[in-house]
Amino acid sequence: AERSHERVDYRLCSSQDELRELVQEIKKKGLISFDTETTSQDPLRAKLVGLSLCWEEKKAIYVPVGHTGPGASTQLELKDLLDILSAVLEDKDIKKVGQNIKYDSEVLWNHGVRIRGIHFDTMIASYVINPALRQHNLEVLAQQYLNHKMITYREVTGRGKGSINFSKVAVEKAKDYSCEDADITLRLMRVLEARLKEEGNEALFYDLEMRLLPVLMDMELAGIKIDTEFFKRMSNELNAQLLALEEEIFKEAGTEFNINSPQQLGWVLFEKLKLPVQRKTLKTRRYSTDLRTLKKLVSCGSKVPQLVLKYRSLAKIRSTYLDALVKLVNPKTGRIHTSFNQTVTATGRLSSSNPNLQNIPIRTREGRAIRKGFVAEEGCVFLSADYSQIELRVFAHYSGDKSLIEAFERGEDIHRRTAAEIMGVNPEDVTPEMRRVAKAINFGIIYGMGPQKLSEELGIDLSTAKSYINRYFERYEGVKKYREKMIQMARDKGYVTTLFNRKRHLPEINHSKHVIRAEAERMAINTPIQGTAADLIKKAMIKIHETLNRERLGAEMLLQVHDELLFEVCKEEVEELKEIVKREMEGVYKLRVPLKVDVGIGKNWEEAH
DNA sequence: ATCGCACGC
DNA sequence: GCGTGCGAT
């Protein structure tokens with residue numbers, strides 16, 4: 001669309017009296033959208049530059065307070081802005097609308113303002129309506145829902161090297177930009193609330209996602225303490241090991257090269273050392289050097305593959321988890337504050353970034369040691385609570401499979417039972433290897449995996465994988481029905497849903513190309529399971545957060561890792577917290593199988609898990 | 001900016 | 001199946 005020339009009333013506010021008058025008008029309205037302009041993307045480091053408010057469509061006001069460029073001479077003082085507007089911002093009866101309002105609320109929290117009455121986040125509404133959309137930013141939403149072309153952030157600040165901080169943007173320009181943001185947000189709300197109703201997603205939006213938002217905000221603000229010295233020590237130790245490994249690899253390879261470069265490593269392994277080529281990479285058709293490839297090469301005579309595997313795992317730990325985490329300690333709080341993103345995944349899960357605290361290693365000894373560096377405050381401990389096999393339980397619920405349900409009701413070891421069923425032995429006679437295979441199959445079923453993937457995953461031949469899957473379908477008759485039912489639903493309606501009616505559209509379910517169609521089918525199988533598990537833990541988080549506030553407990557929820565919640569709690573409150581968390585998580589929703597939660601307690605994350 | 005790789009659930 | 005981040009190119 002053309003940039004519209006519609007008449008709008010966007011004004012600058014530079015006097016306290018004007019602002020006070022506005023507060024009176026807003027109080028009569030009972031609903032506003034607002035937007036903050038700041039110095040940083042990181043809400044905990046951001047300083048307020050200005051704030052825009054919109055109380056009716058096409059009418060907005062911008063209050064500059066932190067500009068240093070043109071027009072900065074007539075600004076209000078930050079303190080005056082906050083003093084006057086607190087009456088509105090902290091009033092729970094005045095509904096707040098925003099685009100990614102968690103960000104603005106955290107910025108204001110850091111400036112001493114406690115936002116109350118958070119009502120509608122347009123970004124989250126867009127996500128609930130269509131989680132597959134890659135971006136839910138205002139520009140995209142304005143274009144899609146209002147056919148309106150906005151002034152972009154880049155147009156105001158410039159891009160790349162020449163870009164300027166928002167505090168240097170001319171006040172007049174900032175006004176046009178910021179007022180439009182607040183105005184469009186309010187207009188979008190009207191459109192999106194209607195869409196939510198049409199889609200039958202009001203409960204998911206208001207009762208789940210919008211109520212989760214303040215929980216996530218508290219978690220992000222709380223942060224988590226790390227033992228910086230521990231991380232630095234471990235990094236130095238790894239450095240020494242890596243140097244030694246590097247030397248050994250060069251000696252064995254007979255040449256020096258960059259081990260971190262897959263390209264150079266491929267050349268050394270397959271051209272210099274003439275090791276047998278396993279496979280090529282997907283896009284660039286180079287030699288693959290990933291974990292699976294290197295594992296196969298271990299028995300080929302050269303020591304290099306084994307050494308590179310070791311090198312890779314240690315280098316990963318150092319770069320991603322030790323050095324990076326230390327850099328992200330907030331100087332003011334001394335803690336690490338992740339962002340929990342509520343509008344990223346296609347299935348309804350959260351994601352975590354800056355840093356990602358949902359992929360801290362656990363499987364190997366060296367990796368797991370990193371968790372010892374996440375520590376509770378003096379006098380406190382961590383309490384970790386994780387759902388046992390939540391996705392398999394959700395799957396048992398959905399499929400209604402008698403055998404699976406029975407296994408969970410009896411509290412059996414599900415992978416052992418699966419092994420016994422598909423390999424035709426007594427449960428007592430299941431070997432660890434048989435259990436490992438069964439576990440992979442159980443996961444494979446959840447992912448909608450076919451025999452090809454399963455054979456690769458387990459390193460067995462295709463026919464064996466096929467026979468396992470067939471046996472599985474014979475033994476668990478609900479499983480096959482479930483798969484067919486979800487694929488059929490996707491074909492009929494164009495989408496699949498979770499227990500709480502979260503939708504995922506799968507337009508490619510009828511695609512003429514088999515590979516693409518098959519991928520959509522796997523999504524149809526996996527999404528209701530993964531998404532329902534996500535819905536359940538989100539609901540539990542809301543309930544726990546409420547209970548902790550109601551009971552005036554000091555315990556704090558710090559992290560969510562898909563099926564696990566991590567809390568920090570003073571020693572006196574541990575037992576009470578444990579009861580609450582277990583009760584709320586296990587009782588969050590009545591499925592056809594019981595939900596089970598395991599709780600661990602310790603001074604650090606490794607101990608608690 | 002994109003790719004390959006590796007970490008989590 | 002679903003993510004994020006690092007280092008190389």
Side-chain angles (χ1 to χ4, degrees), chain A residues 131-132 134 160 257-267 279-295 308-325 327-328 338-364 366-368 370-371 386-392 394-395 440 442-450 453-454 457 483 486 496 498 504 506 518-534 537 559-566 605 609:
Chain A
R134 286 190 316 283
F257 64 103
N258 187 345
I259 307 167
N260 289 318
S261 160
Q263 199 184 326
Q264 292 182 36
L265 177 63
W267 182 85
R279 54 201 189 92
K280 299 286 182 75
T281 59
L282 198 70
K283 307 235 162 148
T284 53
R285 314 306 300 169
R286 293 201 173 118
Y287 303 118
S288 173
T289 65
D290 67 3
L291 183 89
R292 227 180 72 211
T293 309
L294 292 177
K295 269 189 173 165
V308 170
L309 279 171
K310 186 79 191 162
Y311 180 93
R312 279 242 180 98
S313 70
L314 297 186
K316 170 82 176 173
I317 289 169
R318 186 187 59 174
S319 65
T320 307
Y321 298 110
L322 298 177
D323 301 351
L325 282 175
K327 284 183 203 146
L328 285 168
T338 185
S339 293
F340 285 107
N341 315 305
Q342 212 175 343
T343 60
V344 170
T345 72
T347 56
R349 274 189 178 176
L350 297 175
S351 80
S352 155
S353 56
N354 302 309
N356 182 353
L357 293 183
Q358 291 181 323
N359 73 344
I360 303 300
I362 191 162
R363 286 167 206 196
T364 67
E366 293 100 330
R368 200 185 175 105
I370 292 167
R371 294 183 175 227
D386 68 285
Y387 278 117
S388 160
Q389 314 281 10
I390 188 158
E391 293 196 344
L392 270 177
V394 168
F395 178 58
N442 275 330
F443 274 102
I445 295 299
I446 290 172
Y447 296 160
M449 215 184 254
K453 272 265 176 217
L454 185 68
E457 179 76 24
R483 292 167 60 104
M486 288 307 164
V496 289
T498 68
R504 180 178 185 185
L506 295 169
E519 198 181 350
E521 289 176 357
R522 286 195 291 276
M523 292 172 183
I525 292 162
N526 174 257
T527 298
I529 303 169
Q530 191 181 115
T532 297
I537 194 166
L559 301 179
Q560 188 250 47
V561 192
H562 310 306
D563 63 358
E564 173 192 4
L565 296 176
L566 187 74
W605 194 4
H609 196 280

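Please read these numbers as outputs of a predicted model, since none were measured by experiment. Naming convention: chains lettered A, B, ... in sequence-line order (proteins, then strands); numbering from 1 in each chain.
Spacing between atom CG of A:N526 and atom P of B:dC9 amounts to 16 Å, rounded to whole angstrom units. The interatomic distance linking A:F395 (CZ) with C:dG1 (C1') rounds to 13 Å, in whole Å. In this structure, OH of A:Y387 is placed 19 Å from C1' of B:dG8, rounded to the nearest angstrom. Here C:dT4 presents its C1' atom at 13 Å from CG of A:L328, a figure rounded to the nearest Å. Spacing between atom CG of A:N359 and atom C1' of B:dA6 amounts to 9 Å, rounded to whole angstrom units. As rounded to whole Å, 10 Å separates atom P of C:dG1 from atom CZ of A:R504. Rounded to a whole Å, the CG atom of A:L350 is 16 Å from the P atom of C:dC2. Atom-to-atom, CG of A:L559 to P of B:dG8 comes out at 15 Å; the value is rounded to the nearest Å.
Taking only side-chain atoms of A:P361, from C-beta outward, the nucleotide of C:dG7, B:dC5, B:dG8 with the closest atom is B:dG8. Looking at the side chain of A:S353, the nearest of the listed nucleotides C:dG5, C:dA8, C:dG1 is C:dG5. Closest to the side chain of A:K316, out of C:dT9, C:dA8, C:dG5, is C:dG5. If you check C:dC2, C:dG5, B:dC9 against the side chain of A:A346, the one that comes closest is C:dC2. The A:S319 side chain lies nearest to C:dG7 when the options are C:dT4, C:dG3, C:dG7. If you check B:dC9, B:dG4, C:dT4 against the side chain of A:T284, the one that comes closest is B:dG4. Taking every side-chain heavy atom of A:S313 into account, B:dC7 is the closest of B:dC7, C:dG1, B:dC9. Checking C:dG3, B:dC3, C:dT9 against the side-chain heavy atoms of A:N356 singles out C:dG3 as nearest.
In terms of phosphate contacts, A:S261 brings a side-chain nitrogen or oxygen within less than 4.0 Å of OP1 or OP2 of C:dT9. Close to C:dC6, at under 4.0 Å from its OP1 or OP2, lies no side-chain N or O of A:T320. A:R286 has no side-chain polar atom (N or O) that falls below the 4.0 Å cut-off from OP1 or OP2 of B:dC3. Checking the phosphate oxygens (OP1, OP2) of B:dC5, a side-chain nitrogen or oxygen of A:T289 falls inside 4.0 Å. Taking only side-chain nitrogens and oxygens, A:T281 comes nearer than 4.0 Å to OP1 or OP2 of B:dG4.
Counting non-hydrogen atoms under 4.0 angstrom, A:R368 reaches nothing in the nucleic acid. A:R349 comes within 4.0 angstrom of a nucleotide base, judged by non-hydrogen atoms across all strands. Residue-level contact check: A:I360 touches the backbone only, with heavy atoms under 4.0 Å from sugar-phosphate atoms and none from bases. Counting non-hydrogen atoms under 4.0 angstrom, A:E564 reaches nothing in the nucleic acid. Among the heavy atoms of the strands, none lies under 4.0 Å from A:I317. A:A324 comes within contact range of the sugar-phosphate backbone alone, with a heavy-atom separation under 4.0 Å but no base atom that close. Residue-level contact check: A:K283 touches the backbone only, with heavy atoms under 4.0 Å from sugar-phosphate atoms and none from bases. Using a 4.0 Å heavy-atom cutoff across all strands shown, A:R312 reaches sugar-phosphate atoms only and no base atom. Among the heavy atoms of the strands, none lies under 4.0 Å from A:I525. A:S288 comes within contact range of the sugar-phosphate backbone alone, with a heavy-atom separation under 4.0 Å but no base atom that close. Using a 4.0 Å heavy-atom cutoff across all strands shown, A:Q264 reaches sugar-phosphate atoms only and no base atom.
Taking 3.5 Å as the limit, the base of C:dG3 and the side chain of A:Q358 contain no donor-acceptor pair of atoms between them.
Going from atom CG of A:N442 over to atom CE of A:M449 covers 11.5 Å, rounded to the nearest 0.5 Å.
A heavy-atom distance below 4.5 Å is not found between the side chains of A:R286 and A:P262. A heavy-atom distance below 4.5 Å is found between the side chains of A:Q358 and A:F340. Using a 4.5 Å heavy-atom threshold, the side chains of A:W605 and A:I370 count as separate. Residues A:N359 and A:Y321 form a side-chain contact, since some pair of their non-hydrogen atoms from C-beta on lies under 4.5 Å apart. Annotation: side chain of A:L291 is in contact with side chain of A:L309 (closest heavy-atom distance under 4.5 Å).
Nearest heavy-atom pair across A:N341 and A:S353 is ND2-OG, 3.1 Å.
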